[in-house]
S.K.: 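To start, I am sharing the structure in question, which I have written as structure tokens.
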Number of protein chains: 2
Amino acid sequence: MARPKARASLSKDEIVDVALGLIAEVGVDQLSMRQLSDRLGASLGATNRHVPTKEALLALCGRALYERSYRPRGPEDDPLDWVREQLVTLHELLISHPGMATYVVNQPDLVTPELVAAVQESLIDAGLSEAEADAARLVLYFYSAGVLVTDSAALLSAAGLSDPGVMFTAGIDYILRAGARVH
Amino acid sequence: MARPKARASLSKDEIVDVALGLIAEVGVDQLSMRQLSDRLGASLGATNRHVPTKEALLALCGRALYERSYRPRGPEDDPLDWVREQLVTLHELLISHPGMATYVVNQPDLVTPELVAAVQESLIDAGLSEAEADAARLVLYFYSAGVLVTDSAALLSAAGLSDPGVMFTAGIDYILRAGARVH
DNA sequence: ACCTGAACACCGTTCAAGT
DNA sequence: ACCTGAACACCGTTCAAGT
């Protein structure tokens with residue numbers, strides 16, 4: 001009797017795509033390499049050959065999610081609006097992929113020199129001094145990381161605030177306003 | 001032949017204590033209920049009777065860690081210094097318990113009304129308006145959450161910054177300075 | 001009431017054997 | 001080169017049986 005024919009041409013990209021779909025449904029905690037392999041129509045060993053470890057897969061998923069949300073700043077874009085939009089988009093994407101935030105936030109090289117430059121430029125365009133912009137970037141980064149990584153729904157009701165988007169933006173505005181006040 | 005005599009008086013507090021010790025050694029990811037039970041000198045079933053689930057145990061550990069770091073503000077304390085000290089202490093405690101940050105940060109009721117009041121008071125003492133203090137608290141909370149949850153070591157080298165403590169404080173100062181500028 | 005020991009239903013990772 | 005199937009060494013959770 002013939003063996004079940006081997007599923008052909010399994011690729012890293014496809015694994016990441018399907019994994020993200022599964023994560024959107026059940027969350028990172030419930031993702032298993034077996035279930036993922038089932039959905040891929042491949043064997044457990046097969047997916048493990050393309051992706052060395054589950055942790056590595058999640059890191060790849062984190063990158064993919066980030067790249068999906070990233071939109072380079074065009075000349076049309078208001079600098080502050082662009083920063084805000086980038087963060088809000090990423091936030092929404094992460095909310096629909098429960099448990100993924102850690103794997104985006106803990107990936108230092110996602111913050112490319114180009115991104116740093118673009119944000120810095122936006123902040124200076126918005127009236128911050130160079131030193132203020134440096135500090136603002138630091139705070140902005142970790143503030144965003146905090147919001148992304150925290151289950152905001154639960155925390156909002158505790159803080160008595162209305163909806164996540166509003167809160168997120170309010171914080172960003174405080175940070176930007178703050179630096180801009182100096183002139 | 002007699003059964004091994006049952007270990008007596010296992011308590012929730014002891015479980016949390018030993019768990020935190022183990023986490024300090026191996027991190028949350030490597031903590032297993034079996035290893036924990038071994039160290040407690042109890043059986044797996046025994047510890048599971050006091051703590052319904054591993055997730056629940058980690059939540060308890062998060063609380064415990066937070067409570068260890070919390071020191072109420074005395075009349076001697078400079079308000080801003082107090083806020084800074086609270087955050088830095090917690091930061092250090094979390095660094096020595098890898099993986100625990102999530103379980104501290106995602107626990108809304110840890111932010112008690114008393115704590116909110118104390119921070120708010122400190123901020124106003126420091127010269128912020130009430131509205132500014134509200135915003136500052138929001139940013140402060142998530143900024144801290146971001147720092148706590150992020151593996152700062154890796155990110156620091158990426159950001160070209162010196163040591164975590166300095167960076168942490170720099171951010172806090174930016175946030176506080178910002179609000180204070182208004183008058 | 002509280003503990004033990006064993007079972008259950010899963011995991012992630014590895015690897016010979018196949019094509 | 002790439003896949004399958006099975007094994008290995010773990011997990012967390014549950015629960016009868018003991019004291």
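What you see is a predicted model, and the numbers here were worked out from it, not measured in a lab. Note on naming: letters A, B, ... go to the chains in the order of the sequence lines (proteins, then strands), and numbering restarts at 1 for each one.
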S.K.: Got a sec, which residues hit side-chain hydrogen bond (donor to acceptor under 3.5 Å, both in side chains) with A:Asp38, two or more places apart in sequence or on another chain?
M.R.: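 Once residues adjacent in sequence are excluded, A:Asp38 has no partner under the side-chain hydrogen bond (donor to acceptor under 3.5 Å, both in side chains) criterion.
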S.K.: Just jot down the salt bridge (charged side-chain N to carboxylate O under 4.0 Å, His left out) partners of B:Asp77, sequence neighbours excluded, or say none.
M.R.: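 Only B:Arg71 meet the salt bridge (charged side-chain N to carboxylate O under 4.0 Å, His left out) criterion with B:Asp77.
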S.K.: Go through the structure and list residues passing side chain to side chain contact (heavy atoms under 4.5 Å, CB included) with A:Thr102, not counting sequence neighbours.
M.R.: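 Listed in chain order: A:Asn106.
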S.K.: Could you list all N or O pairs between the protein and nucleotides 11-13 of chain D that sit under 3.5 Å apart?
M.R.:
from: D:dG12; atom 1: OP1; to: B:Leu31; atom 2: O; distance (Å): 3.4
from: D:dG12; atom 1: OP1; to: B:Lys54; atom 2: NZ; distance (Å): 3.1
from: D:dG12; atom 1: OP2; to: B:Met33; atom 2: N; distance (Å): 3.0
from: D:dG12; atom 1: N7; to: B:Arg34; atom 2: NH2; distance (Å): 2.3
from: D:dG12; atom 1: O6; to: B:Arg34; atom 2: NH2; distance (Å): 2.7
from: D:dT13; atom 1: OP1; to: B:Thr53; atom 2: OG1; distance (Å): 2.1
from: D:dT13; atom 1: OP2; to: B:Lys54; atom 2: N; distance (Å): 2.9

S.K.: Taking only distance into account, with no hydrogens and no angle test, what donor-acceptor pairs under 3.5 Å do side-chain atoms of residues 13-21 of chain B form with protein atoms, sequence neighbours excluded?
M.R.:
from: B:Glu14; atom 1: OE1; to: B:Arg7; atom 2: NH2; distance (Å): 3.1
from: B:Glu14; atom 1: OE2; to: B:Arg7; atom 2: NH2; distance (Å): 2.5

S.K.: I need the CZ-P distance between A:Arg49 and C:dG18, as an integer number of Å.
M.R.: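 Value for this atom pair: 18 Å.
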S.K.: Which residues pass the salt bridge (charged side-chain N to carboxylate O under 4.0 Å, His left out) test with A:Asp78, not counting sequence neighbours?
M.R.: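 Once residues adjacent in sequence are excluded, A:Asp78 has no partner under the salt bridge (charged side-chain N to carboxylate O under 4.0 Å, His left out) criterion.
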S.K.: Using a 3.5 Å cut-off on both pairing distances, which stems of three or more Watson-Crick or G-U pairs include DNA chain D?
M.R.: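 Ordered by first number, the stems with DNA chain D (at least 3 consecutive pairs each) read C:4-8 with D:12-16, C:12-16 with D:4-8.
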S.K.: If the cut-off is 4.0 Å, is B:His50 near the phosphate of C:dC3, judged by side-chain N/O to OP1 or OP2?
M.R.: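 It does, given that an N or O in the side chain of B:His50 lies less than 4.0 Å from OP1 or OP2 of C:dC3.
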S.K.: Using a heavy-atom distance cut-off of less than 4.0 Å, which residues of residues 12-19 of chain B contact DNA chain C?
M.R.: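 When residues 12-19 of chain B is checked for heavy atoms under 4.0 Å from DNA chain C, there are no hits whatsoever.
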S.K.: Name all pairs fulfilling the side chain to side chain donor-acceptor pair (under 3.5 Å) condition that reach into residues 52-65 of chain A, sequence neighbours left out, sorted by first residue then second.
M.R.: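 Only A:Arg63-A:Asp109 qualify under side chain to side chain donor-acceptor pair (under 3.5 Å).
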S.K.: Parallel, tilted or perpendicular: which one describes the rings of B:Phe168 and B:Tyr143, with boundaries at 30° and 60°?
M.R.: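 Judged by the thresholds at 30° and 60°, the geometry between B:Phe168 and B:Tyr143 is tilted.
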S.K.: Once side-chain hydrogen bond (donor to acceptor under 3.5 Å, both in side chains) is applied, do any residues pair with B:Ser144, and if so which ones, sequence neighbours excluded?
M.R.: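 Expected list: none.
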S.K.: If the condition is salt bridge (charged side-chain N to carboxylate O under 4.0 Å, His left out), which residues does A:Arg137 pass it with, not counting sequence neighbours?
M.R.: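 Residues passing salt bridge (charged side-chain N to carboxylate O under 4.0 Å, His left out) with A:Arg137: A:Asp134.
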S.K.: Once side-chain hydrogen bond (donor to acceptor under 3.5 Å, both in side chains) is applied, do any residues pair with A:Glu25, and if so which ones, sequence neighbours excluded?
M.R.: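 Partners of A:Glu25 by the side-chain hydrogen bond (donor to acceptor under 3.5 Å, both in side chains) criterion, ordered by chain and then number, come out as A:Arg39.
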